[in-house]
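This report refers to the structure that appears directly beneath it.
Each residue takes its place number in the sequence, starting with 1.
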Amino acid sequence: MTSITKKIPSNVILLFTILLAVFIVPMSLAGTGIILPAIGQILGEKINIVSLQWVAAAFNLFFASFTLLWGALADQFGRAKTFTIGCLMFAIASVASGLASNGYMLDTARAFAGIGAAAVFACGPAILSNNFSGHALTRAFALFGSVAGTGVAFGPTMAGMLLHIFGWQSVFYTHAIALVLVTVFSLTFKEKHVRPNYHAGFDWLGSALFVVGLFALMFAIVQSSQWGVFSIPIVSILIGVVILFVIFIYREKRYRAPMLHLGILKERVFLAMTLVPVVLAFCYVTIILYLPIYLMSVLQFNPVDAGMAIILLTGPVFVLPFLSSKLIQMGLTPKIIISIAMGFMLLSIFSLQTIHPSSSVLGIAFPMLMGGIAMGLSFGTVDGVALSIIPEEKSGMAAGLLNTFRLGSEAIAITIFASVFTSTLYANLSSVGVTLVGTEHLSAWLNAIAEGHVKVSLNSFRETNIALQQYATQQAIISYDKAFHITLWVMSGIGVILTTWILKLLKSPSRSLKSESVSEPIL
């Protein structure tokens with residue numbers, strides 16, 4: 001291994017290693033859903049439906065909750081070292097996931113995998129920022145965005161292939177093999193680390209307050225759909241979250257070596273970059289999740305056609321980060337590129353309103369391409385801009401905070417989309433449903449339609465005839481279409497408000513927080 005690595009430039013090994021890790025994380029996020037039915041079938045009585053749902057939820061919650069902590073640890077103790085430890089934890093947890101014999105073991109292993117994965121997105125961008133500069137840094141973040149997008153797009157496909165050939169355990173073992181390789185290569189990283197000039201120890205109390213508070217918030221968001229937004233448990237948790245974050249802010253303002261320097265949020269361009277992923281969460285991530293169901297239920301696409309159509313959304317993410325990098329090298333500023341991307345994103349979400357039950361693939365192509373272009377232009381560019389204006393000694397914390405915004409906003413956006421959609425759908429169909437299936441079966445019928453089964457058979461609930469079944473299907477499609485479009489208006493409104501804020505922040509002059517000894521920001 002040593003003789004091989006000596007022949008390869010160190011920055012090439014570093015970039016390959018980080019990109020491989022970056023590919024595995026979104027692959028793990030996006031691909032897990034494909035194998036859940038197989039896990040439930042094979043483990044049988046050893047895993048219940050709640051535990052099965054937490055196979056994905058545990059990874060997501062711990063991933064989001066620990067990202068900022070890893071960034072702070074990286075700044076304090078070394079980014080290369082912290083990256084290696086996180087990847088090793090991710091690898092061990094992936095092996096444990098494959099070996100799990102019941103739901104509790106699998107959920108626990110996936111939680112630890114999420115903690116390890118958080119290190120990749122907290123430390124990886126910081127390491128790139130510390131080892132590349134100028135156009136090389138721009139190209140590195142273009143690759144970062146493209147590879148991450150590839151992991152999201154092809155994660156389900158690769159997981160499905162592994163499941164079909166080797167079984168569900170092979171998905172986790174494949175992650176582990178790749179992560180072991182990442183861990184080994186990361187040992188060759190040279191620590192380019194400017195430690196903060198602090199005499200106080202690490203902010204363990206502040207870290208605990210933040211992690212517990214964010215985890216509780218994410219948990220409440222995930223469970224709100226089952227327990228009810230205004231249920232006593234959810235309200236109690238949210239009150240606790242507010243108390244924890246008030247204490248956290250009080251602590252961070254006064255501690256000499258805080259986990260989170262609240263002052264970096266006063267840098268207007270950095271704040272704008274943290275808000276860009278929030279816009280994408282509401283206007284892009286939710287569409288990737290829910291548009292395929294709309295295509296299959298309302299437009300009556302088959303699964304293959306729906307999957308092919310979604311390539312219009314995901315395909316540009318593979319190519320456009322490189323175009324963005326090239327445009328920056330030609331003199332176009334990242335501020336302008338981000339502004340253009342936000343314009344395309346709003347154009348996409350608004351033009352989706354033109355989709356109707358008789359739309360063809362060509363009819364939906366424009367809004368989907370616009371969304372893919374917006375994501376492709378911003379993916380990677382956002383990280384590069386954000387880290388280019390933050391002092392090197394705080395780059396881990398900055399990367400952690402950026403990805404905390406990214407992951408947390410996705411959970412919130414998905415929950416809001418689901419809540420608005422289901423409540424609107426139920427309001428439109430309840431009166432019709434009572435007539436068709438009766439009050440005792442209304443909830444089950446509405447739930448089936450909300451999941452996309454617009455042709456659910458009335459025979460499951462009562463004796464019926466062809467005419468009544470056709471009427472029920474027609475009403476389900478009309479109501480599903482109406483609820484989807486109303487939800488799109490809500491997402492569009494949130495997108496407009498956030499984009500307006502971002503553009504206002506970007507108009508202000510950038511005051512780089514970097515010291516003069518560090519390379520110029522890529523603005």
Side chains of [X] and [Y] in contact at under 4.5 Å (non-hydrogen atoms):
| X | Y | value |
| --- | --- | --- |
| P233 | W227 | yes |
| P125 | F144 | yes |
| F141 | P321 | no |
| S65 | F210 | no |
| V279 | L275 | no |
| L271 | W501 | yes |
| F132 | L15 | yes |
| N428 | Y480 | no |

Flag, side chain of [X] to backbone of [Y], donor-acceptor distance under 3.5 Å:
| X | Y | value |
| --- | --- | --- |
| T108 | Y104 | yes |
| T499 | G495 | yes |
| E410 | V285 | no |
| R110 | V55 | yes |
| S129 | A126 | no |
| D75 | M397 | yes |
| T422 | A418 | yes |
| E252 | L260 | yes |
| T138 | G134 | yes |

Locate the shortest heavy-atom distance separating [X] from [Y]; write the atom from each residue and the value.
| X | Y | result |
| --- | --- | --- |
| G372 | L320 | O-CD1, 4.3 Å |
| S339 | L506 | OG-CD1, 3.8 Å |
| G452 | I293 | CA-CG2, 3.8 Å |
| W168 | G98 | CH2-O, 4.2 Å |
| A398 | I264 | CA-CD1, 4.5 Å |
| P334 | V385 | CB-CG2, 3.3 Å |

Would you say CZ of F112 has more than 12 non-hydrogen atoms from neighbouring residues, nucleotides or ligands within 6.0 angstrom?
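Check fails, neighbour count at 12 or below.
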Using the benzene-type ring in the case of Trp, are the ring centres of [X] and [Y] under 6.0 Å apart?
| X | Y | answer |
| --- | --- | --- |
| F417 | F282 | no |
| F219 | W54 | yes |
| F62 | F215 | yes |

The test is side chain to side chain contact (heavy atoms under 4.5 Å, CB included); show your working for I373 and M370 and say whether it passes.
CA-CA 5 Å; I373 290 172; M370 293 301 99; 3.8 Å; yes
Would I287 and L488 count as a side chain to side chain contact (heavy atoms under 4.5 Å, CB included) here? Give the steps.
CA-CA 9 Å; I287 302 305; L488 285 181; 3.5 Å; yes
With a 3.5 Å cut-off and no angle check, do the side chains of T274 and R406 form a donor-acceptor pair?
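The criterion, which ignores hydrogens and geometry beyond distance, is not satisfied for R406 and T274.
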Do T404 and T67 get their side chains close enough for a donor-acceptor pair, meaning under 3.5 Å?
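Their side chains do not contain a donor-acceptor pair, so the 3.5 Å distance test is not met.
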Look at the aromatic rings of F63 and F121 and report parallel, tilted or perpendicular, splitting at 30° and 60°.
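Plane angle over 60°, so perpendicular.
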Any idea how H485 and Y294 line up, ring-wise: parallel (<30°), tilted (30 to 60°), or perpendicular (>60°)?
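Answer is perpendicular, since the angle exceeds 60°.
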Test side-chain hydrogen bond (donor to acceptor under 3.5 Å, both in side chains) on T183 and T84; report intermediate values, then the result.
CA-CA 5 Å; T183 302; T84 300; over 6 Å; no
Given D203 and R256, is the salt bridge (charged side-chain N to carboxylate O under 4.0 Å, His left out) satisfied, shown in steps?
CA-CA 9 Å; D203 184 15; R256 184 180 299 178; over 6 Å; no
Begin from the C-alpha positions of F83 and V182 and carry the test side chain to side chain contact (heavy atoms under 4.5 Å, CB included) through to its verdict.
CA-CA 10 Å; F83 179 84; V182 168; 3.8 Å; yes
Within 45° cone and under 6.0 Å: R251 NZ/CZ vs Y255 ring:
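The answer is yes; both the distance and angle limits are met.
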Ring-face cation of R254 near Y250 (centre distance under 6.0 Å, axis angle within 45°):
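Here R254 passes the 6.0 Å and 45° test against Y250.
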Could you give the distance from [atom1] ([X]) to [atom2] ([Y]), rounded to the nearest 0.5 Å?
| X | Y | atom1 | atom2 | answer |
| --- | --- | --- | --- | --- |
| L217 | I412 | CG | CD1 | 5.5 Å |
| S378 | L280 | OG | CG | 4.5 Å |
| I416 | T487 | CD1 | OG1 | 11.5 Å |
| F484 | L425 | CZ | CG | 12.5 Å |
| K335 | L503 | NZ | CG | 11.5 Å |
| M375 | C283 | CE | SG | 11.5 Å |

Please test S348 against Y284 for side chain to side chain contact (heavy atoms under 4.5 Å, CB included), starting from the C-alpha separation and ending with a verdict.
CA-CA 9 Å; S348 171; Y284 181 87; over 6 Å; no
